Q: 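To start, I am sharing the structure in question, which I have written as structure tokens.
All values below come from the heavy atoms of this structure, side chains included, with hydrogens, waters and symmetry mates left out. Worth saying up front: this structure is predicted, and the values here are computed from it rather than measured. Throughout, a chain's letter reflects where its sequence line sits, starting with A, and its residues are numbered from 1.
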Protein chains: 2
Amino acid sequence: MKKNVPTIRDVAAAAGVSTATVSKFMNGTQRFSPAVEAKITQVIEQLGYRSNPLAQSMITGRTKTVGLSVLDVTNPHFTSIVKGANRVAQAHGYTVLLVDTEENPGRERPQLEALARRVDGLIIFSRMQDKELEWLAGLDKPLVFFGRLPHLTLPTVASDDHRGAYMATRHLVTLGHKRIAYLGFSKSRRDEERMGGVQECLSAHGLQLQVFDAAAPSALEGERICSSIMLGADHPDALVCYNDLMALGFMKAAQTLGFRIPADISVTGFDNILYGNYTSPPLTTVDLHSERMGVAAMEKLLDAIDGRPTAPFTLIEPQLILRGSTVART
Amino acid sequence: MKKNVPTIRDVAAAAGVSTATVSKFMNGTQRFSPAVEAKITQVIEQLGYRSNPLAQSMITGRTKTVGLSVLDVTNPHFTSIVKGANRVAQAHGYTVLLVDTEENPGRERPQLEALARRVDGLIIFSRMQDKELEWLAGLDKPLVFFGRLPHLTLPTVASDDHRGAYMATRHLVTLGHKRIAYLGFSKSRRDEERMGGVQECLSAHGLQLQVFDAAAPSALEGERICSSIMLGADHPDALVCYNDLMALGFMKAAQTLGFRIPADISVTGFDNILYGNYTSPPLTTVDLHSERMGVAAMEKLLDAIDGRPTAPFTLIEPQLILRGSTVART
DNA sequence: TTGAAAGCGCTAACAA
DNA sequence: TTGTTAGCGCTTTCAA
């Protein structure tokens, strides 16, 4: 008993019609006489025929697949983006081809170039700079990019990082903090904006900014860098962290060092990951609406794929989430 | 200026050779005279030719893509599995087609059936029971399943949940706990094993087991169910949770209710998600080695795809991670 | 070592 | 409404 996957020709033969007819039937491109319709339906059922999507794609040029490239699925911010994007994709009959680039950032380009030929469009979250991204246009596929691209005119979805940082800082200033520091991650394209937001707010209030730079946007790195922030002569009384993961790590290490949060230092993060709720104290943070970003990006991409008009630039407003890691200085 | 993506025929024509030759050249299937090789290389470079993977796949039946179906990417346990699987896939030149099924469990089957035609193999994490999974064999694709399947003979990768639960319970018993409860999630196929492990250990020590059942394997559900566990007449003095997420939620809610952990109740989880490190107290848990599970599954799948012999069943040993959420009862 | 030719399974004009 | 026919871009015998 061979495993002969039936082809459109088998169906056509068995139903006594042409392959074109079967094709049209499968795609609902046309109406049929009851007799033919019944016969085809029956034969398909009997043979268990299902059209071969590969052959289909080759002709139509549509794969019903979109590529989604993120820096690290493991980071809840990206995980949520994937979740949102995937939900929209599924709802429209698309499947997501996932690429996690942090494994080997150097191979990002060849990897995406290869991917581009197998998908109808791409959503990209990359650490590359504008200049390095010009080849993206050559992909000749609908594309959506996360973050702002001053020098490129690709459709983008971005959070207002400057504003979010300003909000968090403003909150700290209002609470009476004087020595506010920023724990950044300069390798990220968004670091500059966040630091800018902090800076602007502090300048407006005549306060100095102290900056620390982490080597990775991770909790472990937050732990590692804690001592250099807290064990100086005059440690900050508030810290704006590049993201929640770093904030989590920092808080844990600070507490281990004997500091009380927020009594000794207030802490804020970015992303509003779920786990900021479960620390003690829970983490004050800037919600970037990660999942919504994924949704927006996928909607924008599908619009582009289907030729619908779409705003080239979507900005998602951040929201400050107040929790226990920040408190008024008396 | 048209966007004429060059085909193999363009290359053949420009190089003055046949398409067959170009094809063989692209695939390194054969050796060539220096002249031909040089010419083809040059033309390919000049035209920027890259073979169309769709056409290639249609003929060879290989897509260099594998499907990975998980219940919820957002759950760190699954995220880690994705991470591990993806790493291996990438290293072997494969891309991962991600499916997140929790959105609509009912459509799992049609979704996977459609997917099966576009991939070289599938890795599946499903909530379906053995009986419902028999159609999987009809997919006629290499397959790897997470979890044990008593009635099916598919290659599987599983954690020893029974053993892990036994270890956690044993730890609690040794610490002197007498009223040990299990907060389970009966909808999961692994719940039974975990509860079994707890039960076996308690029986061996002549202790009674009290069981609670959650409606979702989430932190929020852990919070919700906390009061029904803690506000009874005689609350347990130790709780084994189905997973870390539930444990996180439970701990938070319990603390909000005024209980001290672990003084009033010891808590353990499953999965060893990163965030169990950042609660106060940090969470004692059973590490299932999620990422390693993903790695093992993908390796097994690629073995199957390439026809290499492979053990049908891989069991990954759990490891108890001791942290502050458990303490000796005096 | 190279090429001719026959498809893979399907769609898309265009005719009938 | 249905069928004919010509491919899509590539691989793969089989001959040369």
Q: May I have the distance from A/F32 (atom CZ) to D/dT2 (atom P), rounded to whole angstrom?
A: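 After rounding, the gap between these two atoms is 7 Å.
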Q: Starting at the 5' end of nucleotides 6-16 of chain C, put B wherever the base has a protein heavy atom under 4.0 Å, S where only the sugar-phosphate does, and a dash everywhere else.
A: -BBBBBBB---
Q: Find the distance between OG (A/S33) and NZ (A/K39) and round it off to the nearest 0.5 Å.
A: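 Separation between the atoms: 13.0 Å.
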Q: Quick one: bend of the helix from C/dT1-D/dA16 to C/dA16-D/dT1 from 5 pairs per end, to 10°?
A: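 What I find for the helix from C/dT1-D/dA16 to C/dA16-D/dT1 is an axis angle of 30°.
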Q: Are A/I81 and A/F146 packed together at the side-chain level, in the sense that at least one heavy-atom pair is separated by less than 4.5 angstrom?
A: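 Of all side-chain heavy-atom pairs linking A/F146 with A/I81, at least one is under 4.5 Å.
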Q: Atom OG of A/S18 and atom NZ of A/K24: how far apart are they, to the nearest 0.5 Å?
A: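 Reported value, rounded in 0.5 Å steps: 6.0 Å.
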Q: Between B/R87 and A/D100, is there a side-chain heavy-atom distance shorter than 4.5 Å?
A: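 A/D100 vs B/R87: side chains apart.
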Q: Please find the pair of heavy atoms, one from A/I44 and one from A/M26, that lie closest to each other, and give the distance.
A: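 Heavy atoms only, the tightest pair is CD1-SD, 3.6 Å.
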Q: Quick one: does A/L136's side chain get under 4.5 Å of A/L143's, heavy atoms only?
A: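 Yes; the side chains approach each other to less than 4.5 Å.
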Q: Take atom CG of A/L54 and atom C1' of D/dG9, then tell me their distance rounded to the nearest Å.
A: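 After rounding, the reported distance stands at 13 Å.
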Q: How close or far is atom C1' of C/dT1 from atom CD1 of B/I40, stated in whole angstroms?
A: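 Those two atoms, CD1 and C1', are 11 Å apart.
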Q: Got a second to check how far B/M293's CE is from B/I316's CD1, nearest 0.5 Å?
A: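 With rounding to 0.5 Å, CE (B/M293) is 5.5 Å from CD1 (B/I316).
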Q: Which side-chain N or O atoms in residues 67-78 of chain B pair as donor and acceptor under 3.5 Å with protein atoms at least two apart or in another chain?
A:
unit_1, atom_1, unit_2, atom_2, d
B/D72, OD1, A/K83, NZ, 2.5
B/D72, OD1, B/T74, N, 3.0
B/N75, OD1, B/H77, N, 2.9
B/H77, ND1, B/S290, OG, 2.8
B/H77, NE2, B/R190, NH2, 2.9

